[in-house]
Amino acid sequence: MPRYAFPDLNTLPDDIRTRIIEVQDKAGFIPNVFLAFARRPAEWRAFFAYHDALMLKEEGGLTKGDREMIVTATSAANQCLYCVVAHGALLRIYEKKPFVADQVAVNHRKADITPRQRAMLDFAMKVCQRSHEIDDTDFEALHAHGFDDEDAWDIAAITAFFGLSNRMASFAGMAPNPEFYLMGRVPREKQAGKAG
């Protein structure tokens, strides 16, 4: 059980309720994070505005899979079960690899990923765990794999934003929705059969 009760969807401001229903229609369920933050509408709006600016942007050198890979790896370092499970599900879907999220969460250096992605995660993990040690050599390592300084900013911003998310999810006792565990592992039709 979460430490803070989720608000009733029908009592939420229209803009928040509308967005949550859109997510539910697309995913088939409401991810718990949407309800957990909705207890404070101003914070919900700020959180999801920054989330969307980082994770849904079209420009830059990071793919959707890259972004979810950063979240999965750094959330594991922060021991956030919710984000590892939820974003690991999205990572499996975007990369079309049913094992990649588990590999990245445990040890990205041994995961079945490209050298480019490994360099990206090396940088993200350093931002996550030792950001005060970032120096020019870290940027040079990214440049060697085709990332530019704006991509480095994106990697760092995603890592930092989800550091906040990880801590809020963990302290609040936010559990991953059961649906996330099968996403990207089992075809969607079979998931519906297992849920029913």
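Everything quoted here is computed from the prediction, not taken from an experiment.
Shortest non-hydrogen contact noted between Cys80 and Ala169 is SG-CB, 3.8 Å. Contact record, Phe123 with Ala152: CE2-O, 3.6 Å, taken as the closest heavy-atom pair. Nearest heavy-atom pair, Ser75 versus Cys83, reported as atom, atom and distance to 0.1 Å: OG-CB, 3.3 Å. Among all heavy-atom pairs drawn from Asp112 and Val100, the shortest one is O-CG2, 4.4 Å. Across all their heavy atoms, Asp151 and Gly61 have their closest contact at OD1-N, 2.7 Å. Scanning all heavy atoms of the two residues, the minimum distance from Arg118 to Ala111 falls at NH2-O, 2.9 Å.
By the neighbour-count criterion of 12 heavy atoms within 6.0 Å, atom CG of Asp136 is sparsely surrounded, having that number or fewer from other residues, nucleotides or ligands. Counting non-hydrogen atoms of other residues, nucleotides and ligands closer than 6.0 Å to CZ of Arg39 gives a total above 12. More than 12 heavy atoms of other shown residues, nucleotides or ligands fall within 6.0 angstrom of atom NZ in Lys57. The number of heavy atoms from other shown groups lying within 6.0 Å of CD (Gln24) is above 12. Around CZ of Phe29, the count of heavy atoms belonging to other residues, nucleotides or ligands within 6.0 Å exceeds 12.
For Glu133, the side-chain hydrogen bond (donor to acceptor under 3.5 Å, both in side chains) partners at least two apart in sequence or on another chain are Arg130. Qualifying side-chain contact (heavy atoms from CB on, under 4.5 Å) partners for Tyr181, counting only residues two or more places apart in sequence or in other chains: Leu81, Val85, Pro176. Take Phe47 and apply the ring pair (Phe, Tyr, Trp, His ring centres under 6.0 Å) test, not counting sequence neighbours, and it matches Phe37, Phe161.
Val84 and Tyr82 fall into different hydrophobic clusters, defined by Ile, Leu, Val, Met, Phe, Trp and Tyr side-chain heavy atoms under 4.5 Å apart, directly or through other members. When the side chains of ILVMFWY residues are joined at heavy-atom separations under 4.5 Å, either directly or via intervening members, Tyr4 and Leu35 end up in a single hydrophobic cluster. Two different hydrophobic clusters hold Ile70 and Met125 under the rule that ILVMFWY side chains link at heavy-atom gaps under 4.5 Å. Hydrophobic clustering places Ile155 together with Tyr50 (ILVMFWY residues linked when any side-chain heavy atoms are closer than 4.5 Å, directly or through intermediates). In this structure, Leu182 is not a member of the same hydrophobic cluster as Phe99, with clusters built from ILVMFWY side-chain heavy atoms closer than 4.5 Å.
Listed for the Asp52 side chain is no donor-acceptor partner under 3.5 Å among the backbone atoms of Ala49. Using modelled atom types, no side-chain atom of Asn32 and backbone atom of Met174 make a donor-acceptor pair closer than 3.5 Å. Glu43 places no side-chain N or O within 3.5 Å of a backbone atom of Arg40 that could act as its donor or acceptor partner. For the pair Lys64 (side chain) and Leu56 (backbone), a donor-acceptor distance under 3.5 Å is absent. The backbone N or O of Asn166 lies less than 3.5 Å from no partner atom in the side chain of Asn78, so there is not a single donor-acceptor pair. A side-chain donor-acceptor contact under 3.5 Å links Trp44 to the backbone of Phe34. Judged by distance alone, the side chain of Asn177 and the main-chain N or O of Ile30 form a donor-acceptor pair under 3.5 Å.
Taking the side chain as every heavy atom from C-beta outward, Arg167 and Phe171 never approach each other to under 4.5 Å. Side-chain contact between Arg185 and Arg92: present, with at least one pair of heavy atoms (C-beta onward) separated by less than 4.5 Å. Residues Leu90 and Val71 fail the side-chain proximity criterion, which asks for heavy atoms closer than 4.5 Å. Residues His51 and Phe162 meet the side-chain proximity criterion, which asks for heavy atoms closer than 4.5 Å. In this structure, Met55 and Glu68 have side chains that are in contact, with non-hydrogen atoms separated by less than 4.5 Å. Looking only at side-chain heavy atoms (C-beta outward), Glu179 and Pro31 stay at 4.5 Å or farther from each other. Side-chain contact between Ser170 and Gln79: absent, with no pair of heavy atoms (C-beta onward) separated by less than 4.5 Å. Considering only heavy atoms from C-beta on, Arg116 comes within 4.5 Å of Phe147 through its side chain.
Taking CG of Leu91 as the start and CD1 of Ile113 as the end, the distance is 9.5 Å to the nearest 0.5 Å. A distance of 4.0 Å separates CD1 in Ile134 from CG in Asp138, rounded to the nearest 0.5 Å. Between the CD1 atom of Ile158 and the SG atom of Cys128 there is a distance of 13.0 Å, given to the nearest 0.5 Å. With rounding to the nearest 0.5 Å, the separation of CG in Leu62 from CE in Met69 is 11.0 Å. Between Met120 atom CE and Leu142 atom CG the span is 9.5 Å, to the nearest 0.5 Å. The CD1 atom of Ile20 lies 9.5 Å from the CG atom of Asp15; values are rounded to the nearest 0.5 Å.
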### Query
What's the verdict on side-chain contact (heavy atoms from CB on, under 4.5 Å) for Asp154 and Glu150, showing C-alpha distance, side-chain angles and the deciding distance?
CA-CA 6 Å; Asp154 286 341; Glu150 294 305 313; 5.5 Å; no

### Message
Between Asp122 and Arg109, is the side-chain contact (heavy atoms from CB on, under 4.5 Å) condition met? List the steps.
### Response
CA-CA 8 Å; Asp122 285 343; Arg109 289 179 188 90; 3.7 Å; yes

### Task
Decide yes or no on salt bridge (Lys or Arg N to Asp or Glu O under 4.0 Å) for Asp8 and Arg17, but give the supporting numbers first.
CA-CA 10 Å; Asp8 182 334; Arg17 185 173 56 252; over 6 Å; no

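Of the N and O atoms on the side chains of Asp66 and Thr63, at least one donor lies less than 3.5 Å from an acceptor on the other residue.
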